[in-house]
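Structure record follows, encoded as structure tokens.
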Amino acid sequence: MIEERAELYGAPTPQALADETYENYKEFVNPPLARVMKLAGSPVEVRAQGCTIWDHTGKAYLDFAGGYGVFTLGYAHPRVVAAVSAQLERFALSGKTMFNVLLGRAARRLAELAPGDLQISFWCNSGTEAIEGAIKLARAATGRAKVVGTHGAFHGKTFGALSVSGRENFQAPFRPLLADSSCVPYGTTDALDDALRDAAAFVVEPVQGEGGVHVPADGYLRDVRAICDRTGALFIADEIQTGLGRCGYRFACNRDDAVPDVMTLAKGLSGGVVPVGAFIARPGVWKRAFGRDPLLHTSTFGGNELACAAALAALDVLEDEGLAQRARARGEQLLRGARAVAAEYPAVVRDARGLGLLVGVELTNEGYGGSIIPEMLKRGVTAAWALGAQRVIRLEPPLIVTESEVERALEALRAGVAAAHAKLGDL
Ligand code: PLP
């Protein structure tokens, strides 16, 4: 079976496939990344279905990295694959000079599901593009320039998104960034009135994911809404990681009953089958920004038929399978288990926190992750660091994960932490 997979990629053996891929990464993709992945013992992924991925040797892994939040429905959900295949049979990408049925339907469906009066959406191809579009909309709608983000946030790596991402190491080599951008502390509104007084927008994640899984107190987003109303700054909720069931709500903003002016989405929006991004805005705000020039913000591939077919099917699956509710139940189980591991090994684990199936395990020393994640991998469970906080291991499996799969992942985590604990003296 695995030999066949290697053959599918035109390689004589699984090992030849792995060697070829490493060499290509080293020479043509990203040499330092190739080294880091090789050191971490990263295999080659050849197949994925549901919550499981298989490497080139045939070993199966329970995926608790979840494509950093992409695979809310698991890999290759049959309803999404069928919808995309059917569209591929019709045609893949349109000529763009005529109306696109599926874009119309996907935008309507998103508006039906989105909080409050969020209505008009622009579809693009990634999270960072959605943030760029939302920032442009805010500037055009308000006539103001300043955009404010939060310390530790991650919104993407294009210039606008990077400018509000509050991560010095990703920003430094590219300065100057967007003029008039700044960051305030996350999870508190103490400095917000002042910061937003003459701002176009405040960009904020309902739960900071890449920053290390920080869950603000109840009411934070309601307070943000009130301050944006007072100051005239637009409230942009970045739901790229937290939305579409991930945090146990259809959108994490719903936890506070807060309706933003603009909401950005990507990752799970097309069920992990086709790349996609989108931002959706209140109609008044949208019209103020783009109402007079329909071509002010465009994308060649944005809103393409394959992505929209995937998104329509994915949104149906999200609702029909009650995935937000499932995320809440499984998330409670995962967090309870992670907290038990933290209580057992306080010298290694400082804290476990999260909302729904976005859980972070904060270690007492950044170095421990380097032994915990490989140990989990050895035991057939993937996990990932938070991009902006290497001290935090992030667990975000597909929302279809079962009770016994969560238990298996927790056993692997416990084993990884125990191994790090045993090595304490060496560090
Ligand atoms: N916003 C948030 C909250 C994210 O977590 C990410 C990616 O991890 C992005 C934006 C950027 O998305 P993309 O990598 O698709 O550009």
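These values consider heavy atoms only, across backbone and side chains, with no hydrogens, waters or symmetry-generated copies. All ligand and atom numbering here is 1-based and tracks the order in the structure.
Within a 4.0 Å radius of atom 14 (O) of ligand 1, the protein contributes no heavy atom.
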### Task
For the pair Arg47 and Asp55, evaluate salt bridge (charged side-chain N to carboxylate O under 4.0 Å, His left out) and give the outcome as yes or no after the intermediate values.
CA-CA 7 Å; Arg47 187 159 87 90; Asp55 76 9; over 6 Å; no
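Ring pair Tyr220/Tyr186: centre-to-centre distance below 6.0 Å. Ring-centre distance between Phe279 and Phe122: below the 6.0 Å cut-off.
The only member of Leu399, Leu73, Leu113, Leu269 that meets side-chain contact (heavy atoms from CB on, under 4.5 Å) when paired with Leu244 is Leu269.
Proximity of Lys267 to ligand 1 is established by a heavy-atom distance of less than 4.0 Å.
The residue Lys157 has no part lying near ligand 1, judged by heavy-atom distances below 4.0 Å. With a 4.0 Å cut-off on non-hydrogen atoms, Tyr68 does not touch ligand 1 at all.
Interface of Ile240 with ligand 1, defined as ligand atoms under 4.0 Å from a residue heavy atom, comprises 1 (N), 2 (C), 4 (C), 6 (C), 9 (C), 10 (C). The Gly127 neighbourhood of ligand 1 comprises atoms 12 (O), 13 (P), 15 (O), 16 (O), with distances under 4.0 Å to a heavy atom of that residue. Listed by atom number, the atoms of ligand 1 under 4.0 Å from Glu205 heavy atoms are 3 (C).
Looking only at protein heavy atoms, the nearest one to atom 1 (N) of ligand 1 is Asp238 OD2, 2.7 Å. Counting protein heavy atoms only, atom 5 (O) of ligand 1 is closest to Gln241 NE2, 2.8 Å.
Below 3.5 Å of separation, one finds no N or O of Gly156 facing any N or O of ligand 1. For ligand 1, one of its N or O atoms has an N or O atom of Thr128 under 3.5 Å away.
Remark: the backbone N or O of Val341 is not paired with any side-chain donor or acceptor of Arg414 at under 3.5 angstrom. At distances below 3.5 Å, at least one donor-acceptor pair connects side-chain atoms of Glu239 with backbone N or O atoms of Cys253.
Defined by atom type and a distance below 3.5 Å, a donor-acceptor pair is present between the side-chain atoms of Glu210 and Gln241. Remark: the Gln171 side chain and the Arg175 side chain contain an N/O donor-acceptor pair separated by less than 3.5 Å.
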